[in-house]
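Because the structure is a prediction, the values reported are computed rather than measured. Order of appearance sets the numbers: ligands from 1, and atoms from 1 within every ligand.
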Amino acid sequence: MDLEVLLLVMLTIFTHTRGERYELLVSDEEIFISCQDPDPGTLDVNGLLDFSELLTSLDADGITISGNVTLKWDIQQTDRVQVTANVMHLDRGTWMPTVLNIIVNDFCKVMYDKNQYWFQYWTQYVINDVQDKCVNVPGTQLVYETFILSLTASPTGTFPQGRYKAHVMLRAYDSSGTERPTRICFEVQGDVKKVRPTKSGGAKKSLPLA
Ligand SMILES: *[C@@H]1O[C@H](CO)[C@@H](O)[C@H](O)[C@H]1NC(C)=O
């Protein structure tokens with residue numbers, strides 16, 4: 001559930017502001033899709049997190065999230081975790097790369113960094129003291145305060161509407177730089193739709209942008 005915000009976040013990072021609003025509609029049947037033709041040792045999002053105690057409900061303000069998730073990835077606390085995310089746009093039936101790409105070489109250093117976009121939309125709502133565990137210690141629970149995830153944003157600038165996907169990969173390296181035998185790969189798809197500006201105080205909350 002958590003990482004669905006990544007796609008929206010990435011769309012906002014790389015655009016300049018000029019006053020249009022976009023909405024990201026993520027299909028609710030299956031938010032996380034397994035990567036196609038994965039290399040041996042590749043796990044999907046269920047190899048990273050156990051979502052069974054995460055509670056979500058959809059209403060006019062966005063998605064209300066509460067409960068907790070449990071870390072599952074079998075790596076070591078001292079490992080360096082690299083996260084890469086690439087956003088692609090579906091253009092006449094073909095997935096085309098976009099300029100929206102993120103590489104975070106040492107995710108654990110910035111997972112709870114207030115200046116990061118995912119802090120604003122995700123990790124600031126973790127209320128128990130597990131920051132030193134990062135995503136590295138299986139069995140660790142991340143307990144959330146109840147929060148509303150609104151998937152409306154106001155990036156301005158030209159923006160093709162339509163279907164996007166974010167291809168997300170997590171890799172872990174031990175202290176000698178050797179990659180662990182498993183990596184995590186998943187995709188999130190959503191439709192980006194331009195919406196007419198609403199009065200402030202309307203049903204949709206706009207995410208603050210840098
Ligand atoms: C985790 O979430 C479940 C379901 O909401 C809840 O019953 C349980 O008490 C939670 N655990 C913690 C440690 O908050």
Item to complete: Could you tell me which residues satisfy side-chain contact (heavy atoms from CB on, under 4.5 Å) with M88, sequence neighbours excluded, listed by chain and number?
Response: W95, K165, H167
Worksheet item: For the rings on F32 and F186, is their centre-to-centre separation under 6.0 Å?
Response: yes
Discussion item. Within ligand 1, which atoms have a heavy atom of L55 less than 4.0 Å away?
Written reply: 5 (O)
Worksheet item: What's the shortest distance from atom 10 (C) of ligand 1 to any protein heavy atom, and which residue and atom give it?
Response: N68 ND2, 2.4 Å
Discussion item. I'd like to know if R80 pairs up with D106 as an ion pair, taking the criterion as any Lys NZ or Arg NE/NH1/NH2 lying under 4.0 Å from an Asp or Glu carboxylate oxygen.
Written reply: no
Practice prompt. Report, in ascending order of atom number, the atoms of ligand 1 lying under 4.0 Å from any heavy atom of V143.
Written response: 13 (C), 14 (O)
Worksheet item: Which residue holds the protein heavy atom closest to atom 7 (O) of ligand 1, what is that atom called, and what is the gap in Å?
Response: E53 OE2, 4.7 Å
Fill in: Linked hydrophobic residues, V143 as query - side chain contacts closer than 4.5 Å
I127
Fill in: Gap between atom OG1 of T140 and atom CG of D132 - 0.5 Å precision
8.5 Å
Worksheet item: Does the protein put a heavy atom less than 4.0 Å from atom 14 (O) of ligand 1?
Response: yes
